[in-house]
Amino acid sequence: MKSWERKQKYKINFSETSRYSLLFLGLFITVIPMLYMIISSLKDNKSTFSYPPKLFPGLDEITFQNFTYILNNENFNNYLMNTLFVAFVTVLIAAVISSLLAYTFARFIFPGKRILYGMIISVMLIPGLAMIIPQFEMAVKFNLVNNLWGVILFYSAWVTPFTTFLLRGYIEDNIPRELDEAIYMDGGSIFTVYRYVMVPMASPAIAAVSILNFLFPFEELGWSQTILKSDEIRTLPVAITMFFQAHNRTDWGYVFAMASLSMVPVIIFYLVLQKYFISGLSSGSIKG
Amino acid sequence: MSKYKIVGFISIILILVTSVLTGCSSNSSKEVSSNELVTIEFWHNYDAGSGQVDILDKLINEFETENKDIKVKHVYLEWEALKNNVVTGAATGSLPDVLRGDIAFVPQFQSLNVLEEMGALSDYIDVASEVLEAPNSTAKMGDKYYAIAANTNTKILFYNKSILKKTTAQVPKTLDEVWDTAQKVSDSKTIGMVEPWTGIWNVGPYIWSEGGDVLAPDYSTADGYINSPVAVKVIQKLADLYKEKALAGPSMDPGAVGDSDGWASGLYALQLDGPWREKSNIEAGVDYGAIPLPAGSKGSISVLGGEDFMMFKTSDDAHKKAAWKFIKFMTGKHAQVEMAKVGQMPVNKEALTDSEAIKAIPLLPVFSEALQTAKARPVTPKWSEMENIIATKVAEAITGKKEVQKALDEAAAEIDKLIKESN
Amino acid sequence: MISIAGKKTIRKINWRVYILLIPGLLFVSIFTFYPIAKMLIMSFFNWKIGYQQVSDFVGLDNYKNVLTDPIARKAMVNTLVYAVVTVPLQIVFGLLIAVLINGTKRFSVTFRLGYYLPVITSWVVVALLFKYIFSNQGLLNFFLSDILHIVDGPVGWLSTRWSALFIAMLLGIWKGIGWNMIIFLAALQAVPKEYYEASSIDGLNRRQQFFYITLPSIRGTILFALVMLCIGAFNTYTPIAVLTGGNPAHETEVVLTWMYFQTFNATGKMGYSAALSMIIAATIILITIAIFISLAREEN
């Protein structure tokens, strides 16, 4: 801690208190809907229908019946495994491909570079849902319909532009060219540079952007719903939506239980990589 | 100029790779010789929650034991996903061999040119003669059959007994009394009626029962039909109810509670709805009753719903043959009775009078009565677009955004424009 | 021909660069460039998606149809309003929270996770949650009428165009704050501490520090957030689809929900949808350019 900071902290203790109270107030507002979701998932499925709504179940009314139902009956494990598989592979593919692209765009001058980079970046501007028909056509041609890879490959392609953008900035700002030069002096090739300089040095940024990429399969609905048709290969968002509509009415208790459970892996992933998140994002492209 | 050379070079590589990949996969289309095992893909939206999918599994099992050379792979898709997947699949021919979907899908899919003309099958007439005529009329476009009825339904008036009792309202006997009752029972905690949508599926029965119609009988125009005085009067009545908070529904008011959730919480008193309402009311423990739609000035005319089986042009002959066999099995008495046990109203004539089926659907007699006068929505390729127009305009009229007459005139004009374009 | 950027010496590594480049390019081309190109083509045709149907070339008709369609126009206005309201508010709140968190020594992981929770929850679920809260017989109305007795009957939060959009915007802001918080937190940590030290010697108070040091140092990040959030705003689909479904009578439609409706509910008006998405993309590109130009001018 810098001395001036400490001084200030003691001087204006009141502002520290108000800072924390503001933060906690904001936090409370932010998580209220989440809390409500979790509380509702602990209610008896029938009582989520009742009007006037019961806000808090009495202690004796708390039930894990919704969770046991989800865990036992609805292939939840299956959906979870599918989503995790898609998420991990997407993260991996996007990391490899984007780091290669980012490295070339950050370090080399070659004809057409600006145009190519511009094209890749502008992909971010087109709404993903808009391309559903041509993309589906391709998925059919490559035999990717009703196949987890159909989701993985397209997801990886969609997240690649942003990942590349982020990594390129990080490489340009944070990895000194002298390191490249040193490798070349030792007779290394650009592959050596990629393997021994770029990958290790850019890992915070890769970790940071991976958090975002990891989240994607837990979020995306339009495409996965189009392409994953049989029940055994569905991912969680599709499963939740189908489940939500399959019963003729909304089984809020089950929906909330499933939604709460599906957040767990993302939270774990976030917590594990959280410390890279800030440092990986703190420099490079985002700074502009 | 080497800059352009290299860009060109890259694009050539890309094109080459793409075409190679494309070429490879197009060769691998399914070719099955006749004596090999044929796997047919079957898309449906049988409801898993009410055990229909379990029955389907059982039926498929029986079918596969009878037909050792056929395997049926069934895929559940929610109503909208089912439709969307056919739309996306039509572009590329990636479609199932058999589909069981809403009767309203038939004209829509036919306009995509994907449906196999089932009527051309040699024994279609025999099979069709075993199912009810009215539901099967939804499979007919022009003079050709593109589907066969799978199960049928119509809408009857459900009422919440406890609400009626509490407000000392009587069960309505005429359509006018329906409106009165809806108004009478409404207060800050109760809403008289719910209509989840404002299409003809919803407002059609009221218009028909008062002697109006949607399109000219030959589908040549909507002018003078959807904007006729009768239709205007009916929609005006709904608009009045809406204004007095005696009518609600998510397409008029997105904040309205969905019909099933509203029934379950005892919010809604009346709804013209199908057999699923019986099931969900039982599950939610609602004390309800049901009668055929009380007659308007020109009788009680409800709307015909249900599902049809469809086959697709994209399948090869072996798959078509297997698919047809499967459809015949599913429209047969045994399968129809089994499905009746989990709430699907049979179309098979024998199954309709089967005691087990009646035991499973207590309201079957009420539905059968309503079915006798029920009317199908127009079976024309642009129908879903027309119904969308109507739904939008009727919603505008009911919510008071536009004068009823003006909104319906606009609907008629837009529909006529659509009819002209497609001719 | 190919050189290491910034160095004049030409190295003999040319072809190797392409080895690095090609997998990525190939991948992006197949899965994104091709569909985009195809869509551009579709936008000039009365595109028939039916089996073996022939599409007619119609020139700019699809674009004309989109631009003269009152519902499409309404959807564009709704989307623009959504962007104009949600983007700045997300940035302001995100930045505010980031500034507050940045100096904290305790609970920092709690805050980072808590504020980020909405981001990592699926759109479908949070939209359902909001619907549950704001529907006529929902939680909020229950509070207002049955517990606090402020209002008589249920308030139709989702019932009319602007109030429903307001709820959708609230959802968008609530869900987006966490992302902004993280991005700005990252940017704040990259601002050299020396700047603050120097300025506090010069006697600047905290507010002055924020405006004279923090803001200028993170202007790049603000620019980045602005562009990304604009893209996000134009990509809004799930909140509207779940909260209102575009109802009543397409009043609350945004561009993507309207495009989806045209694609699927109206029996595949593919040409129309393609033209619409091209127009959306063009709008986003124009907005991006405008942001860059106006910020560049400010800098001078």
Side-chain angles (χ1 to χ4, degrees), chain B residues 2 6 9-11 13-14 17-18 21 80 83-84 87-93 95 108-109 111-115 187-189 191 198 245 248-258 261-262 265 267 312-314 381-385 388 391-399 401-402 407, chain C residues 1-2 14 18 21-22 25-26 28-30 33-34 42 47-54 71 131-132 134-138 141 145-146 152-161 163-164 167-168 240 242-252 260-270:
Chain B
S2 59
I6 286 173
F9 165 75
I10 293 174
S11 27
I13 289 189
L14 291 182
V17 173
T18 318
L21 285 171
E80 189 165 325
K83 187 178 63 172
N84 293 353
V87 174
T88 33
T92 46
L95 293 164
Q108 204 174 345
F109 292 169
S111 73
L112 297 174
N113 193 29
V114 292
L115 291 183
D187 59 29
S188 67
K189 294 280 174 280
I191 293 170
T198 46
K245 295 196 190 310
S251 83
M252 297 170 273
D253 171 3
V257 175
D261 293 354
S265 61
L267 176 67
F312 291 86
K313 274 185 182 168
T314 39
K382 292 272 177 182
W383 173 246
S384 71
E385 253 177 281
N388 279 331
T392 307
K393 295 299 172 191
V394 169
E396 283 177 344
I398 293 181
T399 53
K401 279 213 68 101
K402 281 195 182 131
Chain C
M1 193 172 69
I2 289 164
N14 43 25
Y18 289 108
L21 207 54
I22 277 172
L25 277 188
L26 205 62
V28 175
S29 311
I30 294 177
F33 290 169
Y34 168 78
M42 278 163 71
W47 196 264
K48 301 263 177 60
I49 53 152
Y51 182 56
Q52 293 174 345
Q53 283 176 332
V54 186
I71 300 178
K131 184 159 185 153
Y132 193 72
F134 289 102
S135 71
N136 293 353
Q137 271 70 31
N141 277 332
S145 70
D146 289 36
D152 265 353
V155 181
W157 299 103
L158 297 169
S159 308
T160 53
R161 181 179 180 189
S163 69
I167 303 298
I240 296 291
V242 175
L243 283 177
T244 70
N247 290 317
H250 304 300
E251 290 275 304
T252 58
Y260 195 82
F261 185 88
Q262 288 292 320
T263 309
F264 293 113
N265 290 45
T267 334
K269 282 192 175 175
M270 298 301 150

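Letters A, B, ... mirror the listed sequences (proteins, then strands); counts begin at 1.
Each of B:Ala395, B:Ser251, B:Ala248 has some count of heavy-atom pairs under 4.5 Å with chain C, and the biggest count is that of B:Ser251. The candidate from B:Thr88, B:Thr198, B:Asp253 with the greatest count of non-hydrogen atom pairs under 4.5 Å with chain C is B:Asp253.
Looking at B:Lys401, the atoms closer than 4.5 Å to chain C (heavy atoms on both sides) all sit in the side chain, from C-beta outward. At a 4.5 Å heavy-atom cutoff, B:Ile398 makes no contact with chain C through either its backbone or its side chain.
Using a 4.5 Å cut-off on side-chain heavy atoms (C-beta onward), C:Leu243 and C:Phe134 make no contact.
Considering every non-hydrogen atom in both C:Thr252 and C:Ile240, the closest pair reads O-CG2, 3.5 Å.
With a 6.0 Å radius and a threshold of 12 heavy atoms from other residues, nucleotides or ligands, B:Lys83 has its NZ atom above the threshold.
B:Lys313 meets the salt bridge (charged side-chain N to carboxylate O under 4.0 Å, His left out) test with no other residue; sequence neighbours excluded.
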